[in-house]
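Working notes, beginning with the structure itself.
The figures here come from the full heavy-atom set of this structure, side chains too, leaving out hydrogens, waters and symmetry mates.
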Amino acid sequence: MDQNLKYIEDNYIELEEVIKTANISIEKLIGLIEDKLIPQASYVVNSEITISSSLSDNHKIIIEKKYFYPSVLELIKRNVHNSNPEKFKLEFKENLLSNLKDHAYKAFAYGNVFDANENLDNEKIENAFEEEWNYFCKGVYGICTLNNNENDIINKEIAIKRILSFIEKKSTSFTHDEKLELQDLNTEFNKSTSSFAPYQRELSSRGKYLDKLLREFSLEDLIKSYE
């Protein structure tokens, strides 16, 4: 099997299985997505099948499969009877901000949205939140985070910004202290960030930054592999 298909099938739930497991109709599922009570599918796989015969004819069939992050099942259970999508969005925002405020490295997030007294700049954080909410609803965080939740969104944002800061300040001699710092950054990044599908890896935050750094520092054994 293609490694990308294997990754998706091993880590995501296909639409038909979602409907069956959640015991809802396709119409209800679509409604939940449209109301932004659950995210869209993270991956869509289109396959073309050709049927041919000894009569020298053929027939083509296009099959589309949509794959959701597994946490969609819990969200369906939570929101299946929810008639107030704005309340769900507000809860999402409150959880996101709570995780941000409590994070030890919160100043790294979103270009630092705190003032000198560690109060949130409402305008800056509102713009950041709307962008994160949009990504969540589109299924993006079902691709790039481990748990597709508010905690991972904040942790990933901060982990990436800390890695970018490390890249900016690192020396050309690759010191022992830098190596230890990179190992810590790798650990933090892996707590919230997925491997990404193989075809996405090179252009993902993991591929562009972390994998490259680990190779530079001769820490290839720490590069997350596909098992």
*Mind running salt bridge (Lys or Arg N to Asp or Glu O under 4.0 Å) on E74 and K77 for me, showing each step along the way?*
CA-CA 5 Å; E74 185 59 36; K77 183 178 179 180; 5.0 Å; no

Mark yes or no for whether [X], through its side chain, and [Y], through its backbone, hold a donor-acceptor pair below 3.5 Å.
| X | Y | answer |
| --- | --- | --- |
| N95 | E91 | yes |
| N79 | L37 | yes |
| N58 | S52 | no |
| T175 | S171 | no |
| K208 | E202 | no |

[atom1] ([X]) with more than 12 external heavy atoms under 6.0 Å:
| X | atom1 | result |
| --- | --- | --- |
| N23 | CG | no |
| E123 | CD | no |
| K170 | NZ | yes |
| K36 | NZ | no |
| Y226 | OH | yes |
| Y135 | OH | no |

For a 4.5 angstrom cut-off between non-hydrogen side-chain atoms, does [X] reach [Y]?
| X | Y | value |
| --- | --- | --- |
| E168 | L164 | no |
| V80 | K28 | yes |
| I13 | Y67 | no |
| I63 | N46 | no |
| L75 | P39 | yes |
| S204 | Y209 | no |
| E150 | F136 | no |
| I76 | L29 | yes |

[X]-[Y] co-clustered via ILVMFWY side chain contacts under 4.5 Å:
| X | Y | value |
| --- | --- | --- |
| L32 | V140 | yes |
| F189 | I154 | no |
| I30 | V72 | yes |
| W133 | L90 | no |
| L185 | F217 | yes |

Measure across [X] and [Y] and return the closest heavy-atom pair with its distance rounded to 0.1 Å.
| X | Y | result |
| --- | --- | --- |
| I33 | Q40 | CG2-CG, 3.7 Å |
| N149 | T145 | N-OG1, 4.4 Å |
| P85 | D35 | CB-O, 3.3 Å |
| G111 | K161 | N-NZ, 4.2 Å |
| K124 | N112 | NZ-O, 4.0 Å |
| R201 | K224 | NH2-O, 2.8 Å |

*Does the side-chain contact (heavy atoms from CB on, under 4.5 Å) test come out yes or no for L15 and K65, once each step is laid out?*
CA-CA 7 Å; L15 182 146; K65 289 188 175 183; over 6 Å; no

*Using the ring of F129 (Phe, Tyr or Trp, six-membered ring only), decide whether K93 places NZ or CZ under 6.0 Å from its centre and within 45 degrees of its axis.*
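The answer is yes; both the distance and angle limits are met.
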
*With a distance cut-off below 6.0 Å to the six-membered ring centre and an angular limit of 45° from the axis, does R206 pair with F196 as a cation-pi contact?*
no

_Run the ring pair (Phe, Tyr, Trp, His ring centres under 6.0 Å) test on F174 and F166 for me, step by step, so that the C-alpha distance in whole Å, both residues' side-chain angles and the decisive distance to 0.1 Å come before the verdict._
CA-CA 12 Å; F174 303 151; F166 177 86; 9.1 Å; no

*Does the pair E181 and K169 meet the rule for a salt bridge (Lys or Arg N to Asp or Glu O under 4.0 Å), with working shown?*
CA-CA 12 Å; E181 183 180 357; K169 69 183 183 181; 3.4 Å; yes

*Mind running salt bridge (Lys or Arg N to Asp or Glu O under 4.0 Å) on E130 and K89 for me, showing each step along the way?*
CA-CA 10 Å; E130 287 298 333; K89 181 179 180 180; 3.2 Å; yes

*asked:* side-chain contact (heavy atoms from CB on, under 4.5 Å) for L219 and K179? Distances and angles first, verdict last.
replied: CA-CA 9 Å; L219 293 170; K179 199 167 189 175; 3.4 Å; yes

_Residue from E9, Q200, E14 passing side-chain hydrogen bond (donor to acceptor under 3.5 Å, both in side chains) with Y43_ = Q200

_Y12 and F68 aromatic centres sub-6.0 Å_ = no

*Given the rule in the side-chain contact (heavy atoms from CB on, under 4.5 Å) test, do L222 and N190 qualify, once you have shown the distances and angles that lead to the verdict?*
CA-CA 10 Å; L222 296 182; N190 285 330; over 6 Å; no

*State whether a side-chain donor-acceptor pair under 3.5 Å links E132 with Y141.*
yes

_Between T50 and K60, is there a side-chain donor-acceptor contact under 3.5 Å, judged purely by atom types and distance?_
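Checked: K60/T50 side chains pair up, N/O donor to acceptor below 3.5 Å.
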
*Given I158 and E188, is the side-chain contact (heavy atoms from CB on, under 4.5 Å) satisfied, shown in steps?*
CA-CA 9 Å; I158 291 174; E188 288 303 310; over 6 Å; no

Drop me the distance from [X]'s [atom1] to [Y]'s [atom2], to the nearest 0.5 angstrom.
| X | Y | atom1 | atom2 | answer |
| --- | --- | --- | --- | --- |
| D152 | T193 | CG | OG1 | 7.5 Å |
| L213 | E178 | CG | CD | 10.0 Å |
| L210 | I160 | CG | CD1 | 10.0 Å |
| N119 | I125 | CG | CD1 | 13.0 Å |
| N151 | I153 | CG | CD1 | 9.5 Å |
| S194 | I143 | OG | CD1 | 8.0 Å |

*Among N11, D10, N4, whose side-chain contact (heavy atoms from CB on, under 4.5 Å) with Y7 holds?*
N11

*Can you spot which of L73, I38, I24, I26 makes a side-chain contact (heavy atoms from CB on, under 4.5 Å) with V18?*
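Per the side-chain contact (heavy atoms from CB on, under 4.5 Å) rule, the option paired with V18 is L73, out of L73, I38, I24, I26.
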
_Pair R162 + E157: basic N to acidic O under 4.0 Å_ = no

*Under the salt bridge (Lys or Arg N to Asp or Glu O under 4.0 Å) criterion, do K101 and E118 qualify, and how do the steps go?*
CA-CA 9 Å; K101 291 175 183 177; E118 295 196 353; over 6 Å; no

